[in-house]
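These numbers come from a predicted model, not from an experiment.
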Amino acid sequence: MNGLAYHLDPTRGRAGLAAWTQELPEPGPHQVLIEVRAAALNRRDLMLMDGTYPLPATPGVVPLSDGVGTVIALGDKVTRAAVGDRVTATYFVRWVDGPQRRAHAAEQYGANRDGMLATYALLEQDSVVHVPAHLTDAEAATLTCAGVVAWAALTTPVPVRAGETVLTVGSGAVALFAVQHARMLGGRIISVTSTPEKAERFRELGAEEVIVRAETPDWEQEVARRTGGDGADHIVDTVGMPTLPKSVAAGAYNARLTMIGAWPGPGITAGDGNPFGSSYLSIRRIAVGSRAHFEAMNQAITEHRVRPVIDRTFSFDQAGAAYAYFAAGDPFGKVVVTM
């Protein structure tokens, strides 16, 4: 039975999203075919559309790494899933566990492997992950990128210990997941955000203290004050170079600072004020996480009955509007497309 799939043409920028008829795929021996129920956007999806993501999009690729669906067919050598299972996929097609290598980063759903913005998605069985049963399809669709990278930031190489101070910087989905994860791990949470309205929502998620940067531009000093001069033990900076100096200043002695995201794109070099270039290294700048990270996160989410934050959902035929809303707005939580 045929379906529909959106395809990406990065040479056309924001106009490069079009729906085509999708023939029912046939899974190979180690592949799993799912009928997609929901998919979610990340900032990397805008960058892939604009041609600014470090890994270029393959013309015609089905976008979106994040999604959830029901298994409807299996290859004859598949052992990690069964027909009827509700599953998602890892961000990186072949990173199961252990250190990430460049080869792992070179193969991603929604970039150079077809992703989730379609009726059907074909997954490699090693990338298949079962989702927490208590989550709705829309909630389960949000986990792959923002959820896992926030989890990896707070649990590797050493997990947050109960009572340690976790500082989150920024208001995007990764920062929201970081607050939820830090709360599960027993951390004391301080969040830096942009408006009083968002501050109140951070408190509702579990942040003990929230600093509004417009009201307190020297927020690194306020972090020091609120920690008795010690600073934060774990810092998750989801903004990038503009906030790095303040995040460093807000850190405790031997703090772990993790910078999130694919910013600023290939057009910025070390000479433009980006000391990282295309490298991922400490001061930690990490790229999502492995299947093992994903499964550990899901176990914790299930145990604590955590629900991801969703800003707005769109129907499948409104996928273009979902992209436009995500790009133009300031969502608090994930933007989801339901099938």
List the steps and the verdict of side-chain contact (heavy atoms from CB on, under 4.5 Å) for Val236 and Leu154. CA-CA 8 Å; Val236 181; Leu154 294 173; 3.7 Å; yes

Give the intermediate values and the outcome of side-chain contact (heavy atoms from CB on, under 4.5 Å) for residues Asp66 and Asn42. CA-CA 8 Å; Asp66 291 26; Asn42 293 288; 3.2 Å; yes

Go through the steps to decide whether Leu167 and Val192 satisfy the test side-chain contact (heavy atoms from CB on, under 4.5 Å), and finish with yes or no. CA-CA 8 Å; Leu167 172 67; Val192 177; 3.8 Å; yes

Between Arg291 and Val128, does a side-chain contact (heavy atoms from CB on, under 4.5 Å) hold up when you go through it step by step? CA-CA 8 Å; Arg291 191 184 82 198; Val128 167; over 6 Å; no

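Qualifying ring-ring contact (aromatic ring centres under 6.0 Å, His included) partners for Phe177, counting only residues two or more places apart in sequence or in other chains: His181. With sequence neighbours excluded, the residues satisfying side chain to side chain donor-acceptor pair (under 3.5 Å) with Gln318 are Ser315. In this structure, Phe294 has no ring-ring contact (aromatic ring centres under 6.0 Å, His included) partners at least two apart in sequence or on a different chain. Checked against side chain to side chain donor-acceptor pair (under 3.5 Å), Tyr91 has the following partners two or more places apart in sequence or in another chain: Arg44, Tyr53. For His7, there are no side chain to side chain donor-acceptor pair (under 3.5 Å) partners at least two apart in sequence or on another chain. Listed by chain and number, the residues in a side chain to side chain donor-acceptor pair (under 3.5 Å) with Thr88 are Thr144 (sequence neighbours excluded).
Under 3.5 Å, the side chains of Ser191 and Thr168 contain a donor-acceptor pair of N or O atoms. For the residue pair Thr58 / Asn112, no side-chain donor-acceptor distance below 3.5 Å is found, with atom types taken as modelled.
Transitive grouping of hydrophobic side chains (ILVMFWY, heavy atoms separated by less than 4.5 Å) brings Ile301 and Val149 into a common cluster.
By the 4.5 Å heavy-atom criterion applied to side chains, Asp237 and Ile260 are not counted as neighbours. The shortest distance between side-chain heavy atoms of His130 and Arg80 does not fall below 4.5 Å. At least one side-chain heavy atom of Met184 sits under 4.5 Å from a side-chain heavy atom of Val306. Side-chain contact between Glu208 and Ile190 is absent, with no heavy-atom pair separated by less than 4.5 Å. Residues Val336 and Phe314 fail the side-chain proximity criterion, which asks for heavy atoms closer than 4.5 Å. Residues Val169 and Thr238 are not in side-chain contact: their nearest non-hydrogen atoms beyond the backbone lie 4.5 Å or more apart.
In terms of heavy atoms, Tyr120 sits closest to Gln22 at O-NE2, 2.9 Å. The nearest pair of heavy atoms linking Ser127 to Val93 is CB-O, 3.4 Å.
Taking the six-membered ring for Trp and the full ring otherwise, the centers of Phe202 and Phe332 sit less than 6.0 Å from each other.
Atoms CG and CG, from Leu8 and Leu117 in turn, are 9.5 Å apart once rounded to the nearest 0.5 Å. To the nearest 0.5 Å, atoms CD (Glu215) and OG1 (Thr195) are separated by 9.0 Å.
Each salt bridge (charged side-chain N to carboxylate O under 4.0 Å, His left out) pair with one or both residues in residues 153-173, not counting sequence neighbours, appears once here: Arg161-Glu164. Applying the ring pair (Phe, Tyr, Trp, His ring centres under 6.0 Å) test to pairs two or more places apart or on separate chains, none has a residue in residues 206-261. For residues 175-195, the set of pairs meeting the salt bridge (charged side-chain N to carboxylate O under 4.0 Å, His left out) definition, not counting sequence neighbours, comprises Arg188-Glu209. Residue pairs meeting the salt bridge (charged side-chain N to carboxylate O under 4.0 Å, His left out) criterion with at least one member in residues 81-90, sequence neighbours excluded, are Arg86-Asp137. Each salt bridge (charged side-chain N to carboxylate O under 4.0 Å, His left out) pair with one or both residues in residues 149-160, not counting sequence neighbours, would appear here, but there are none. For residues 25-34, the pairs satisfying side-chain hydrogen bond (donor to acceptor under 3.5 Å, both in side chains) are Gln31-Glu124, with sequence neighbours left out.
Under a 4.0 Å N-O distance rule, the pair Lys246/Asp218 qualifies as a salt bridge. In this structure, Arg201 does not pair ionically with Glu197, as no charged nitrogen and carboxylate oxygen lie closer than 4.0 Å.
Annotation: Arg37, atom CZ; neighbour count of heavy atoms from other residues, nucleotides and ligands within 6.0 Å does not exceed 12.
Between the side chain of Glu295 and the main chain of Val129, no donor-acceptor pair closer than 3.5 Å is present.
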